[in-house]
Asks: 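A single structure is presented below for examination.
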Amino acid sequence: MVTASPEVTYNSKIEGDITVTRADAAINWLRTNSMWPMPMGLACCAIELMATASSRFDIARFGAEVMRFSPRQSDCMIVAGTVTYKMAPVVRRIYDQMAAPKWVIAMGACASSGGMYRSYATLQGVDRIIPVDVYVSGCPPRPEALLDALMKLQSKVRSEPALKKQFTAA
Amino acid sequence: MTTDVDLPTAVSQQFPSATPRPSLDCPAFNVPAGDVLAVLQYLRDTQACDFLMDVTAIDWSAEASPRFTVVWHLYSSTKHNYVRVAAACESNVEPAMPSAVVLWAGADWHEREVYDMFGIKFTGHPDLRRILMWDAYPYFPLRKEFPLAGLPAEMSDADINAEIGVGVISAPMAGGPFVATPGEPMSDAEPRAKDEAWNEKKEKPE
Ligand code: SF4
């Protein structure tokens, strides 16, 4: 309740550098700006993923430059490439080992739908084994498209209740 | 590529059972399965074909007999010529062929691939396992009766199969495989004319 008395309202001289906010907003702000990717570079799309990470496109501007090769330390799996049926159980295991909250970007036609590989050996879309948050079209997608996907994912994370129970793959 | 004119005569003198095989490029021979190791060894030791470039196989169709033919490509790193050797498998049901690992260590993975794709057993191979598909995969994908889209099967991890239901499913072919067919007008022959993906122009039938 706002009163005229300066003693009762927020006084930065007394309180110091304090910001009052909602827990959701603060937690999601942290999550969106340090989303460490798990690079699942499985085929040619991984080259564009590398380009996105390096200086010209610089995914570090979005706080996602820390490619972690340990699932324990990563938040967002970027499936970049063709997932074969031989590799699919491995992808799922690594996803299971990531600590919640965790998100998935399916980068490119292959990861999203099997792409041009309509064959006995290729998983027809990585969403058959793990829940996907953002799909990126293209074969391969340009780095800008991946950055756009990351921004879409950030805005999704920003709007999520931060403390809700994280879903697991159905 | 240079062809060695003496090589075909030398081989047919040495091995009367080897018959010339129609070939547009390098010398090629059909050899009975029993003689194949001797021919390969002769080519390696006497004709300096020291490099085994490739081992592959042909499935002529489920009705054909002999059904499977194994093909070896050799190259000479000193004379710079190629030779092709082919041998038909005796059995159409359980095809087998002597392994060339005793001659070239590099035959190991080539033969594992041929086994994986065609189910041809290489007798004498030290470790004949699948190399591309996982060990428990039940089919041989490059056999003629196997559909390109694949057949339902389990993936290699039992937990994950249980979790997602059916592991391997047949891929939706959507009118494919998209190869141009000769003889038709271009508008019908082109791969894009065969696309059966549903869109605004072509509604999905109920
Ligand atoms: S979508 Fe295209 S570029 Fe990406 S992995 Fe598949 S084939 Fe390669």
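Quick caveat, the model's predicted, so the values are computed rather than measured. Lettering follows sequence order; numbering is per chain, from 1. Excluded from the calculations below are hydrogen atoms, water molecules and symmetry mates; all remaining heavy atoms, backbone and side chain alike, are included.
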Asks: For the residue pair A/Tyr120 and B/Met117, what are the closest heavy atoms and their distance?
Replies: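 The answer is OH-SD, 3.8 Å.
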Asks: At a heavy-atom distance under 4.5 Å, which candidate from B/Ser156, B/Pro141, B/Ala153, B/Pro147 has the highest pair count against chain A?
Replies: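 Answer, by heavy-atom pair count under 4.5 Å with chain A: B/Pro141.
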Asks: Kindly compute the distance separating CE (B/Met155) from CZ (A/Arg128), expressed to the nearest 0.5 Å.
Replies: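 B/Met155 CE to A/Arg128 CZ: 6.5 Å, rounded to 0.5 Å.
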Asks: In terms of heavy-atom proximity below 4.5 Å to chain A, should B/Tyr137 be classed as side chain, backbone, both, or neither?
Replies: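 The answer is the side chain of B/Tyr137.
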Asks: Minimum heavy-atom separation for B/Ile160 and A/Pro89, please, with both atom names.
Replies: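 Shortest heavy-atom separation between B/Ile160 and A/Pro89 comes out as CD1-O, 3.3 Å.
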Asks: Output the distance between atom CD1 (A/Ile130) and atom CD (B/Glu163), rounded to the nearest 0.5 Å.
Replies: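 Answer rounded to 0.5 Å: 12.5 Å.
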Asks: If the threshold is 4.0 Å, N to carboxylate O, is there a salt bridge linking B/Asp159 and A/Arg93?
Replies: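 Yes, charged N to carboxylate O under 4.0 Å.
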Asks: Is it the case that atom CD in A/Glu144 sees more than 12 heavy atoms from other parts of the structure closer than 6.0 Å?
Replies: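 It does: A/Glu144 CD has more than 12 such atoms within range.
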Asks: Take atom CZ in A/Arg61; do more than 12 heavy atoms of anything else shown fall under 6.0 Å from it?
Replies: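 Yes, CZ of A/Arg61 has more than 12 neighbouring heavy atoms, counting only those of other groups under 6.0 Å.
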Asks: Should we say atom CD of B/Glu145 is surrounded by more than 12 heavy atoms from elsewhere, each under 6.0 Å from it?
Replies: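 Check passes, neighbour count above 12.
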Asks: So which part of B/Ile169 gets closer than 4.5 Å to some heavy atom of chain A, the side chain, the backbone, both or neither?
Replies: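 B/Ile169 touches chain A through backbone and side-chain heavy atoms alike.
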Asks: Using the side-chain contact (heavy atoms from CB on, under 4.5 Å) rule, take B/Asp157 and A/Arg92 through it: C-alpha gap first, then chi angles, then the decisive distance, then the call.
Replies: CA-CA 10 Å; B/Asp157 192 313; A/Arg92 176 58 197 265; over 6 Å; no
Asks: More than 12 foreign heavy atoms under 6.0 Å from NZ of A/Lys152: is that the case here?
Replies: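 Count not over threshold, so no.
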Asks: Please report the shortest heavy-atom distance between A/Arg118 and B/Pro172, naming the atom on each side.
Replies: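 Result for this residue pair: CD-O, 2.6 Å.
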